[in-house]
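First up is the structure itself, then whatever we jot down about it.
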Amino acid sequence: MSGRNISIYPGSFDPLTNGHLDLIERGAKLFDQLIVAILRNEGKTSLFTADERKEMLCASVKHLANVSVESFDGLLVRFAAEKGARVILRGIRAVSDYEFELQMALMNRKLQPELETVFMLPGEAYSYVSSRLVKEIYRLGGDVSDLVPPIVVERLKAKGSI
Ligand code: PNS
């Protein structure tokens, strides 16, 4: 394992929100390298393909020199080991996130005891923002431009009605 502190920030990012971006910016200050890892989950129905999600993420993090974007399939702990990461970074917005996150963190620890999960809080302004709600609001004709980066607004518009 390298001496550099590499962290993985995994998620579906369907699509990336300003809350995700806020957490990435915070994480980039704490770790030598932060890898944003997009779950390809081709089986699950996602609005954007993994490649589309990656494009939007790359465009939105290009100002952060120590952040890279990759996609992965299969077990997260396996991907983290391949990358030499010591940490999985996850955001917790509210108590309601905690139960699922706890279960996932403990399961990942059971699978790979060396890997630590670190939880961070996004800025309060983003505590109610989720990809699911962004899609719902957009689908119903609401304005999501304060909730997601500009490229996501563009790509949503390019899809037309969703
Ligand atoms: O943004 P999400 O959808 O909450 O992210 C969930 C994610 C991608 C972190 C989780 O589903 C995951 O790690 N999937 C990869 C498969 C895996 O390792 N599953 C066991 C998790 S304990």
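Side-chain contact between Met104 and Glu99: absent, with no pair of heavy atoms (C-beta onward) separated by less than 4.5 Å.
Ion pairing between a basic and an acidic side chain is recognised when a charged N comes within 4.0 Å of a carboxylate O; Lys135 and Asp14 show such pairing. Note on Arg86 versus Asp32: no salt bridge recorded, every NZ/NE/NH1/NH2 to OD/OE distance being 4.0 Å or above. Using a 4.0 Å cut-off between charged side-chain N and carboxylate O, Glu70 and Lys54 make no salt bridge. Using a cutoff of 4.0 Å between basic side-chain nitrogens and carboxylate oxygens, Glu114 and Arg109 are not scored as salt-bridged.
Pairing each heavy atom of Ala125 with each of Tyr128, the nearest pair is O-CE2, 3.2 Å. Across every non-hydrogen atom of Ser60 and Pro149, the tightest pair is OG-CB, 3.7 Å. Contact record, Asn41 with Asp73: N-OD1, 4.3 Å, taken as the closest heavy-atom pair.
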Derivation of the side chain to side chain contact (heavy atoms under 4.5 Å, CB included) call for Asn18 and Val129: CA-CA 8 Å; Asn18 287 340; Val129 180; 5.7 Å; no
Stepwise side chain to side chain contact (heavy atoms under 4.5 Å, CB included) check, Ile8 with Phe79: CA-CA 9 Å; Ile8 304 265; Phe79 179 75; 3.7 Å; yes
Intermediate values then yes/no, side chain to side chain contact (heavy atoms under 4.5 Å, CB included), Phe119 and Ile88: CA-CA 8 Å; Phe119 295 117; Ile88 293 173; over 6 Å; no
Step-by-step side chain to side chain contact (heavy atoms under 4.5 Å, CB included) determination, Arg53 to Leu16: CA-CA 7 Å; Arg53 286 178 270 154; Leu16 170 70; over 6 Å; no
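Going from atom CZ of Phe72 over to atom NZ of Lys83 covers 12.0 Å, rounded to the nearest 0.5 Å. Rounded to the nearest 0.5 Å, atoms CG (Leu47) and OH (Tyr138) are 9.5 Å apart. For the atom pair CZ of Arg132 and CD1 of Ile137, the computed distance is 9.5 Å after rounding to the nearest 0.5 Å. Atom CZ of residue Phe13 and atom CE of residue Met56 lie 11.5 Å apart, to the nearest 0.5 angstrom. Atom CG of Leu30 and atom OG of Ser7 lie 8.5 Å apart (nearest 0.5 Å). Put simply, CG on Leu34 and CD on Glu25 are 11.0 Å apart, with the number rounded to the nearest 0.5 Å.
In terms of modelled atom types and a separation under 3.5 Å, the side chain of Ser71 and the main chain of Ile38 share no donor-acceptor contact. Of the possible polar contacts, none joining the Ser46 side chain to the Thr49 backbone as a donor-acceptor pair under 3.5 Å is found. No donor-acceptor distance shorter than 3.5 angstrom exists from the side chain of Arg139 to the backbone of Val134, with no hydrogens or angles considered. Remark: side-chain polar atoms of Asn108 are not paired, donor with acceptor, to backbone N or O of Thr117 under 3.5 angstrom. At least one donor-acceptor pair under 3.5 Å links the side chain of Asp22 to the backbone N or O of Gly123.
No continuous path of ILVMFWY side-chain contacts below 4.5 Å connects Leu121 to Val118, so the two sit in separate hydrophobic clusters.
Ser127 and Arg93 form no side-chain donor-acceptor contact under 3.5 Å, judged by distance and modelled atom types alone.
Here the options are Leu21, Val36, Val152, the test is side-chain contact (heavy atoms from CB on, under 4.5 Å), and the partner is Leu57; only Val36 passes.
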